[in-house]
Undergrad: 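Quick one: this structure, given as structure tokens, is what I'll be asking you about.
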Amino acid sequence: MARTAYRHSDPVVENKRSPQRKRRRREHLRRIHPMTREQQLALIEEARAARRAAQQAAEAAKSQVLTLPLDQGWAYGNGWG
């Protein structure tokens with residue numbers, strides 16, 4: 001039987017980072033500035049454009065498979081068609 005990724009019987013692991021590592025992390029995060037609204041909108045638009053491009057590529061691949069003869073459409077490239 002496959003093991004699950006998370007076992008509920010395990011106790012919650014405490015944060016065991018050293019104080020020096022915690023301080024370094026806090027200092028690093030302190031230097032990160034939040035994005036401006038314009039940057040957020042640009043990031044959202046970039047993600048939408050990437051999603052549209054991926055969808056168009058998937059549709060192009062699907063239409064290419066649909067143009068193959070029926071005996072090769074489902075088994076193209078594996079020697080069965």
Side-chain angles (χ1 to χ4, degrees):
M1 184 171 146
R3 294 185 64 180
T4 59
Y6 181 77
R7 292 185 307 203
H8 295 282
S9 61
D10 289 345
V12 176
V13 178
E14 296 293 327
N15 189 359
K16 295 183 179 179
R17 289 185 178 162
S18 68
Q20 294 165 342
R21 188 171 175 189
K22 288 179 187 179
R23 185 176 25 140
R24 249 184 296 147
R25 179 172 168 77
R26 273 195 320 268
E27 290 171 359
H28 169 74
L29 292 175
R30 192 176 297 136
R31 287 191 294 267
I32 297 175
H33 299 290
M35 285 192 284
T36 63
R37 179 161 176 77
E38 291 80 17
Q39 290 173 326
Q40 289 176 357
L41 293 175
L43 183 63
I44 290 170
E45 185 55 39
E46 183 180 339
R48 287 178 180 165
R51 196 176 304 126
R52 280 193 299 264
Q55 185 178 8
Q56 290 172 353
E59 289 173 358
K62 185 178 179 181
S63 67
Q64 186 179 10
V65 169
L66 292 177
T67 59
L68 292 173
L70 290 178
D71 64 338
Q72 293 180 359
W74 67 275
Y76 182 74
N78 67 4
W80 287 20

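Just so it is clear, the model here is predicted, and its values are computed rather than measured.
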Undergrad: To check you understand the geometry: which heavy-atom pair defines the closest contact between M35 and Q40, and what is its length?
TA: O-NE2, 3.7 Å

Undergrad: For Q56, what residues pass the side-chain contact (heavy atoms from CB on, under 4.5 Å) criterion, not counting sequence neighbours?
TA: none

Undergrad: I'd like to check the side chain to side chain donor-acceptor pair (under 3.5 Å) partners of Q55; sequence neighbours left out, ordered by chain and number.
TA: none

Undergrad: For E46, does the CD atom have more than 12 heavy-atom neighbours from other residues, nucleotides or ligands under 6.0 Å away?
TA: no

Undergrad: Just wondering, more than 12 heavy atoms not from E27 lying within 6.0 Å of its CD?
TA: yes

Undergrad: Mind checking side-chain contact (heavy atoms from CB on, under 4.5 Å) for E38 and listing every partner two or more places apart, or none if nothing turns up?
TA: T36

Undergrad: Just jot down the side-chain contact (heavy atoms from CB on, under 4.5 Å) partners of H28, sequence neighbours excluded, or say none.
TA: R31, I32

Undergrad: Can you name the side-chain contact (heavy atoms from CB on, under 4.5 Å) partners of R24, sequence neighbours left out?
TA: R21

Undergrad: State which residues pass side chain to side chain donor-acceptor pair (under 3.5 Å) with R48; sequence neighbours excluded, sorted by chain then number.
TA: none

